[in-house]
Amino acid sequence: MEFIEQVLAQKGKSAGFGKYNYNNVDYVLLGMIIERLTQKSWEDNIEEQFIKPLGLENTGFLAKGNYPKDFAFAHQFDQQNQPIQETII
């Protein structure tokens, strides 16, 4: 619940257009719900339910800093609207 309280207390960040409040909190909450219901990690659930059944051989989860050479990073900006180089989603 501490995570939810922190999220609700934060001021939203614009996606660059000024009038929209964009974030991925809904995906984080969904992951938390799935983990609680299944008693398995988000990664294990995704692998068991999607990656393995679909035969996705080049899809998975990476540890921070262990990225392939051509890895695509998300775009995120700091308080001065400067790009942050490494963003984990």
Item to check | Partner set under side-chain hydrogen bond (donor to acceptor under 3.5 Å, both in side chains) for Thr59, not counting sequence neighbours | outcome: none

Checklist outcome for this item: So the salt bridge (Lys or Arg N to Asp or Glu O under 4.0 Å) pairs with at least one residue in residues 49-63 (sequence neighbours excluded) are Glu47-Lys52

Checklist entry - For Gln39, what residues pass the side-chain contact (heavy atoms from CB on, under 4.5 Å) criterion, not counting sequence neighbours? => result none

Checklist entry - Of Thr38, Asp44, Asn45, which meets side-chain contact (heavy atoms from CB on, under 4.5 Å) against Ser41? => result Asp44

Checklist entry - So which residues get pulled into Phe61's cluster when ILVMFWY side chains under 4.5 Å apart are joined, directly or through others? => result Leu30, Ile34, Trp42, Ile46, Phe50, Ile51, Leu54, Leu56

Checklist entry - Transitive ILVMFWY cluster of Ile33 at side-chain heavy atoms under 4.5 Å: who else is in it? => result Leu37

Next on the checklist: Could you work out, with side-chain hydrogen bond (donor to acceptor under 3.5 Å, both in side chains) as the rule, every residue matching Glu48, not counting sequence neighbours?
Outcome noted: Lys40

